[in-house]
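So that the names make sense, note that chain A is the first sequence line, chain B the second, and so on, each numbered from 1.
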Amino acid sequence: MIKIYNTLTKQKEELIPLNPPNIRMYMCGPTVYDYFHIGNARSFIMSDIVRRYLEYKGYNVTFVMNLTDVDDKIIKKSIEENKTSKEVAEFYINEFFKDIERLKIKRASFYPKATEFINDMIDMIKKLEQKGIAYNVDGNVFYDVTKFQDYGKLSGKNINELEAGSRVEINEEKKHPLDFALWKKAKEGEPFWESPWGKGRPGWHIECSAMSCKLLGESFDIHAGGHDLIFPHHENEIAQSEAANQKPFVKYWIHFGFLNINEEKMSKSLGNFFTAREILESYSAEAIRLFFAQAHYRGPVNFSEELIKAAEKGFEKIQNTYDRINDELKNENLPQVETDFNFNQWYEKFEQAMDDDFNTASAVATIFDFSREVNKIISEGNYNKNFLLKSKEYFDKTAEGVLGLLKSDISSNQPSLEDELIEILIKIRNEAKQNKNYTLSDKIRDELKKIGIILQDSKTGTTYKKTKK
RNA sequence: GGCGCUGUAGCCAAGUGGUCUAAGGCGGAAGUCUGCAAAACUUCUAUUCGUCGGUUCGAAUCCGACCGGCGCCUCCA
């Protein structure tokens, strides 16, 4: 049984899908006006882990992530770069997919673009207008929050209190300060679409309501996003969808905590802004994923050079064990010691952690514990081929399958020319060692290290690993 | 002002009534192995969970007060 913390009820609840074994999940994706940053990466990676775990548990997950390709920020960028909005969006969508792939984030079932669902958005706005919830002021259409009884149920806000607050922008056209734009009238030079209210473009919130409805239905299971989206974005999505469809919109809301840099909020003006690809230049995708998985998804997390380095080390530790298993499996004279190693117990431990509101930190601890056990057994020689296969399977299903923490066994059956050359050098070095010519043997090891190949001697022979990607 | 989160070892972090004299990672110390390394393994590195009270047979875990950190309420993952 999976327990999931629901922002809507502010407590952990048992996950009961609306239509098992299917689970429909929507994740708020990026506005494509720039490369995405390491904070975005956290949300994307954690939603990926949630999705992978649901699949691990046997659910058939339909995972949708939207791409906001019409928006103020994109328009601004297009003016700066003297390009069309569309060109800017297309460029960053392309780059988005490159980063997603490098971070080993599984492809979504759909990546709907806002501009391809304009008609669905118009239909929804029309519906709201007919119900008297939306009003048109000179080509701008707003949502009247006072018409929706439950407004504020997700964020715990109260319309009247918010009205008194000083931070809400005053807009003469709105009836209530919290009313938000469903349709924005086109200004000179902006991209626009024809609509019953004239030329314009959709507001930001309506796209998620319209696209999730179209692709996942009027009610679906899980909606995820960054913590900051709770208000107003998700609150507004609920208001739009439930008012238009007269049905509960989403059953479980999950929100990912923020990432700070050296205890400060990440921002371009502070100069502590990192794109995901910048981090990927120095650290592996696995280390980044481990870094995030080591903390609970809901809490804030601090990012620093020191911490990501620690994660890289941790990753290497698991990877070493995994590589060792794969190397052993190539060995033809394996020990044939019977083991009574209880794999089920390890699966249970992993699932127990993940079942409890996706406690990845605890799940990762299980992986480290398992890794230590396996190392111990191999070192002692108390194993057989079946043990290795089962251990590999465990890593494949949990550490890699759910968390994405391992590099696959690249040194496949077909050795490359490079591999063969390394083997020759190892042979020469071992001969030198036998002749106690340590100057030569150390030189070979040092020189190889310089080009990123680490040699390791063990009882069964010399193995090597490549540190470069 | 409103809503919410949070304070656990040198650092990161899980645990939210007894199995906790508190997982796991990084860092540090010693040892086994090794020609030397590396990797791996073993042991050690919080009698204590911001402070002070309370509830309880029993609290890191519940309640209260206080001190500290943070987020949202405006575009933002």
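- If you check every strand for non-hydrogen atoms under 4.0 Å, A310(A) touches sugar and phosphate atoms only.
- A residue-by-residue look at L290(A) and H296(A) shows that H296(A) has its nearest nucleotide of RNA chain B further toward the 5' end.
- F370(A) pairs in a ring pair (Phe, Tyr, Trp, His ring centres under 6.0 Å) with only one of the listed residues (Y322(A), Y347(A), Y394(A), F350(A)), which is Y394(A).
- Under the Watson-Crick or G-U wobble criterion, with both distances below 3.5 Å, U19(B) has no partner in any strand shown.
- In terms of phosphate contacts, R298(A) brings no side-chain nitrogen or oxygen within less than 4.0 Å of OP1 or OP2 of G71(B).
- Counted by atom type alone, H205(A) and H234(A) present zero donor-acceptor pairs between their side chains at under 3.5 Å.
- At the phosphate of A14(B), neither OP1 nor OP2 sits under 4.0 Å from any side-chain N or O atom of N359(A).
- Seen from the ring of F231(A), K157(A) counts as a face-on cation partner, given the 6.0 Å and 45° thresholds.
- Counting any heavy atom pair closer than 4.0 Å across all strands shown, G225(A) reaches sugar-phosphate atoms only and no base atom.
- Of all nucleotides listed (A77(B), G24(B), G35(B)), G24(B) comes nearest to the side chain of R372(A).
- Residues H176(A) and D179(A) bring no donor and acceptor atom of their side chains to less than 3.5 Å of each other.
- The distance between the ring centers of Y111(A) and F97(A) falls below 6.0 angstrom.
- In this structure, the OH atom of Y151(A) is 14 Å from the C1' atom of C3(B), given to the nearest Å.
- Between R42(A) and I318(A), the one whose closest nucleotide on RNA chain B sits nearer the 5' end is I318(A).
- Distances shown here put every side-chain N or O of K433(A) at or beyond 4.0 Å from the OP1 or OP2 atom of G35(B).
- One can find a donor-acceptor pair under 3.5 Å joining the base of G35(B) and the side-chain atoms of D442(A).
- Pair check for U56(B) finds none; no Watson-Crick or G-U wobble contact set falls under 3.5 Å.
- In a base pair of the Watson-Crick type (N1 to N3 plus N6-O4 or O6-N4) or a G-U wobble (N1-O2 and O6-N3), with each distance short of 3.5 Å, A40(B) is matched with U32(B).
- Residues E80(A) and K77(A) are not paired through a salt bridge, judged by the lack of any N-O separation under 4.0 Å between the basic side chain and the carboxylate.
- Using a 4.0 Å heavy-atom cutoff across all strands shown, D457(A) reaches at least one base atom of the nucleic acid.
- Put simply, the side chain of N302(A) and the base of C12(B) share no donor and acceptor less than 3.5 Å apart.
- Residue G257(A) is in base contact, counting any heavy-atom pair closer than 4.0 Å across all strands shown.
- With a 6.0 Å cutoff to the six-membered ring centre and a 45° limit on the axis angle, R277(A) does not count as a cation-pi contact of F36(A).
- Across all strands shown, I367(A) has no heavy atoms under 4.0 Å from either base or sugar-phosphate atoms.
- Atom CZ in R445(A) sits about 11 Å away from atom P in C36(B), given to the nearest Å.
- Contacts of S155(A) with the nucleic acid, taken as non-hydrogen atoms under 4.0 Å apart, involve only primed sugar atoms and P, OP1 or OP2.
- C41(B) atom C1' lies 13 Å from atom CG of N320(A), rounded to whole Å.
- Both distances falling under 3.5 Å, in either a Watson-Crick or a G-U wobble arrangement, place U51(B) opposite A65(B).
- Stacking here means ring centres nearer than 5.5 Å and ring planes tilted less than 30 degrees, and by that measure Y438(A) stacks onto G35(B).
- Base pairing annotation: A13(B) forms no Watson-Crick or G-U wobble pair, as no partner gives both donor-acceptor distances under 3.5 Å.
- At the phosphate of A39(B), neither OP1 nor OP2 sits under 4.0 Å from any side-chain N or O atom of K376(A).
- For G71(B), the base is not stacked against the aromatic ring of F258(A), per a cut-off of 5.5 Å between centres and 30° between planes.
- Proximity of K12(A) to the phosphate of U16(B): no side-chain N or O atom is located under 4.0 Å from OP1 or OP2.
- Nearest nucleotide to the K265(A) side chain, out of C76(B), A23(B), C75(B): C76(B).
- Across all strands shown, C72(B) forms a Watson-Crick or G-U wobble pair with G2(B), both key distances being under 3.5 Å.
- Side-chain proximity of F231(A) to A39(B), G25(B), C72(B): nearest is C72(B).
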